[in-house]
Amino acid sequence: MTLIERLRQRAAQRDAAHTRRSRHVQSQRSGMLTACDGKNLINFSSNDYLGFAQHPDVIAAFRKSAERDGVGSAGSALVTGHFATHRELELQAAALFGYEAALFTGSGYLANLGILQSLLDEDAVCVQDKYNHACLLDGARFSGAALKRFPHADMVQAEARCAEAKTDTLFLVSDGVFSMDGDAADLQSLHAIAQRHRATLMIDDAHGVGVLGAGGLGSLQAAGLQADDVPILVVPAGKALGGQGALILAKRDIIQHLLETARPYLFSTAPAPAMAAALSASLHLLETQPQHHARLQENIRHFRIRAEAAGLPMLDSHTAIQPLMAGDNESALRWSEQLRHAGFWVSAIRPPTVPQGKSRLRITLTALHTKAQIDALVQALAEITGGRDGHG
């Protein structure tokens, strides 16, 4: 069988299982309104939680930097790709989140691969929640360390995995907010476990920063923890910060080691200086304009109230990620397509992204959604799924 024949066979298998993927093309967007595949939709699948991807200050900072420094960095960070805007972003992020130092990398995936490959080896043990993002699991596997996974949010088993570890290099790693269920990790318990077993606690807060915490600074702020409690914090920039890349925050010694040894950082072209400038503007907005975070929180509360009243089968999430369970792949795809015809973009999430039998619609809320848009979505969901306000 040739390569193409094998690929076609696998594509046919994905067709039969309703797990085929395809890309949608956006041609224009304004707030949460988007022109996609020739149809005008209200986007409830975006991770732009605070609307910073379209904020005038962020756009202006990007444009000004691009005009001054050009578009690409034209080199890796340790050759010619490190600009003043990169340095300023790293200093700003470290100060805002209370860490000694920061490192700006090309993506959250590359950041986590680089950290775990650089700091772990075959003598290390890495303990992780089973629902962690793929990049955290991949980073541990690629490092050669022993990867020990515990059932989602099971702190008893998390402690047991740590207690079993016979190593001087033990990492306890978790998402701050889990990207498919939208629930927040129990960071206080994870911190206590790490302390008892002398483990390094590492948190990826992709979906927590901008969403959780009194000031929107994320999962650590919400849990009342400080930089000393979580030695390594990863802040991917493609969600609430509205850009691309990721910030690694840690003690200066850790950042210097990563800078010199993390292969995804060493051997990648540095992110565009204009992106660093845009993210600096986003961090400034996060720190000085709390109304964006407050508006997001109000929209989350409003959606939860309306969804409960409509009898929708929602998971218990109080973050921007609101999963509506379908169960089988076919139902999730059908509901997503029906919503598309009704004018809403809500993605169907299926295996292998989630376990078999747990396909769902993944609704994401932002500060830019209006209450009228949220009410219209809940009504459409009720009609499609047969909730109390629907016709089923």
Self-check item: Backbone of A276 reached by a side-chain donor or acceptor of S280 within 3.5 Å
Solution: yes
Quiz prompt | Stepwise side-chain hydrogen bond (donor to acceptor under 3.5 Å, both in side chains) test for N329 and S359 | solution = CA-CA 6 Å; N329 297 348; S359 294; 2.5 Å; yes
Quiz item: Cut-off 3.5 Å, side chains only: do H284 and E287 have a donor facing an acceptor?
Solution: no
Self-check item: Whether over 12 other heavy atoms sit under 6.0 Å from R68 CZ
Solution: yes
Exercise. Compute whether any side-chain donor of one residue and acceptor of the other, for E88 and Q92, lie under 3.5 angstrom apart.
Key: no
Practice problem: Assess whether atom CG of D15 is packed by more than 12 heavy atoms of other residues, nucleotides or ligands within 6.0 Å. | Solution: yes
Quiz item: Who else is in L119's hydrophobic cluster (ILVMFWY, side-chain heavy atoms under 4.5 Å, direct or via others)?
Solution: L78, L103, I115, L116, L120, L136, F171, V173, M202, I232, V234, I248, I254, I255, L258, L259, Y265, L266, F267
Self-check item: Short side-chain to backbone donor-acceptor contact, T169 and A124, under 3.5 Å
Solution: no
Self-check item: Sidechain N-carboxylate O distance under 4.0 Å for R196, E159
Solution: yes
Quiz item: For the atom pair CZ (R295) and CG (L50), what is the distance rounded to the nearest 0.5 Å?
Solution: 9.5 Å
Quiz item: So, D205 side chain and S219 main chain: donor-acceptor pair closer than 3.5 Å or not?
Solution: yes
Quiz item: Taking atom CD of Q26 as the centre, does the number of heavy atoms from other residues, nucleotides or ligands within less than 6.0 Å exceed 12?
Solution: yes
Exercise. Return yes when atom CD of E330 has more than 12 non-hydrogen atoms of other residues, nucleotides or ligands closer than 6.0 Å, and no otherwise.
Key: no
Quiz item: So, does R350 use its side chain to make a donor-acceptor pair with the main chain of H18 at under 3.5 Å?
Solution: yes
Practice problem: For H369 and L377, run side chain to side chain contact (heavy atoms under 4.5 Å, CB included): C-alpha distance rounded to whole Å, both residues' side-chain angles, the deciding distance at 0.1 Å, then the answer. | Solution: CA-CA 11 Å; H369 284 117; L377 173 67; over 6 Å; no
Quiz item: Under 6.0 Å from the CD atom of E5, do we count more than 12 heavy atoms belonging to anything else shown?
Solution: yes
Quiz item: What distance do I349 atom CD1 and S179 atom OG have between them, rounded to the nearest 0.5 Å?
Solution: 8.5 Å
Quiz item: Roughly how far, to the nearest 0.5 Å, is the CG atom of D175 from the CD atom of Q128?
Solution: 8.5 Å
Practice problem: Please report the C-alpha distance between H341 and Q338 in whole Å, then the side-chain angles of each, then the deciding distance to 0.1 Å, and finally whether the side-chain hydrogen bond (donor to acceptor under 3.5 Å, both in side chains) criterion is met. | Solution: CA-CA 5 Å; H341 285 299; Q338 288 173 319; over 6 Å; no
Quiz item: Passes salt bridge (charged side-chain N to carboxylate O under 4.0 Å, His left out), R362 versus D181? Steps please.
Solution: CA-CA 8 Å; R362 182 177 178 270; D181 282 16; over 6 Å; no
Practice problem: Answer yes or no: is there a donor N or O on one side and an acceptor on the other, between the side chain of T167 and the main chain of L170, under 3.5 Å? | Solution: no
Exercise. Check whether the side chains of H133 and Y109 place a donor and an acceptor atom closer than 3.5 Å, and report yes or no.
Key: no
Quiz prompt | Audit row: E298, R301, salt bridge (charged side-chain N to carboxylate O under 4.0 Å, His left out) steps and yes/no | solution = CA-CA 5 Å; E298 177 57 31; R301 286 191 293 270; 3.1 Å; yes
Exercise. With L201 as reference, evaluate V230, L187, D229 under the side-chain contact (heavy atoms from CB on, under 4.5 Å) test and give the passing residue.
Key: V230
Quiz item: How far does NZ of K130 sit from CZ of F150, to the nearest 0.5 angstrom?
Solution: 10.5 Å
Quiz item: Pick one: which of L324, L361, L381 meets side-chain contact (heavy atoms from CB on, under 4.5 Å) with M314?
Solution: L324
Quiz prompt | Distance, nearest 0.5 Å, that separates CD1 of I42 from OG of S46 | solution = 13.5 Å
Quiz item: Considering residues, nucleotides and ligands other than Q226, do more than 12 of their heavy atoms fall under 6.0 Å from its CD?
Solution: no
Quiz item: When you measure from the side chain of Q322 to the backbone N and O of I363, does any donor-acceptor pair fall under 3.5 Å?
Solution: no
Practice problem: State whether a side-chain donor-acceptor pair under 3.5 Å links D375 with H302. | Solution: yes
Self-check item: Any S331 side-chain heavy atom under 4.5 Å of D328 side chain
Solution: yes
Quiz item: Got a sec: does the CZ of R20 have more than 12 other heavy atoms crowding it under 6.0 Å?
Solution: yes
Quiz item: For F178, what are the other residues in its hydrophobic cluster, where any two members join if their side-chain heavy atoms are less than 4.5 angstrom apart?
Solution: Y131
Exercise. Look at the side chain of E67 and the backbone N and O of K64, then say whether any donor-acceptor pair between them is shorter than 3.5 Å.
Key: no
Quiz item: Do any N or O atoms from the side chain of Q244 and from the backbone of G106 form a donor-acceptor pair under 3.5 angstrom?
Solution: no
Quiz item: Is any NZ, NE, NH1 or NH2 atom of the basic residue among D129 and R161 found under 4.0 Å from an Asp or Glu carboxylate oxygen of the other?
Solution: no
Quiz item: Is there a donor-acceptor contact under 3.5 Å from the side chain of H293 to the main chain of G213?
Solution: yes
Exercise. State which residue, out of S347, S45, C36, fulfils the side-chain contact (heavy atoms from CB on, under 4.5 Å) condition with H24.
Key: C36
Quiz item: So how far is it from T353 OG1 to R360 CZ, rounded to the nearest 0.5 Å?
Solution: 9.5 Å
Quiz item: Is K239 salt-bridged to D48, cutoff N-O under 4.0 Å?
Solution: no
Quiz item: With a cut-off of 6.0 Å (strictly less than), are more than 12 heavy atoms of other residues, nucleotides or ligands near CZ of R6?
Solution: yes
Practice problem: Describe, in one word, how the ring planes of H82 and H86 are oriented to each other, choosing from parallel (under 30°), tilted (30 to 60°) and perpendicular (over 60°). | Solution: parallel
Exercise. Could you tell me whether a side-chain N or O of T261 sits under 3.5 Å from a main-chain N or O of S118, the two making a donor and an acceptor?
Key: no
Quiz item: Given the rule in the side-chain hydrogen bond (donor to acceptor under 3.5 Å, both in side chains) test, do Q117 and S143 qualify, once you have shown the distances and angles that lead to the verdict?
Solution: CA-CA 4 Å; Q117 288 179 298; S143 74; over 6 Å; no
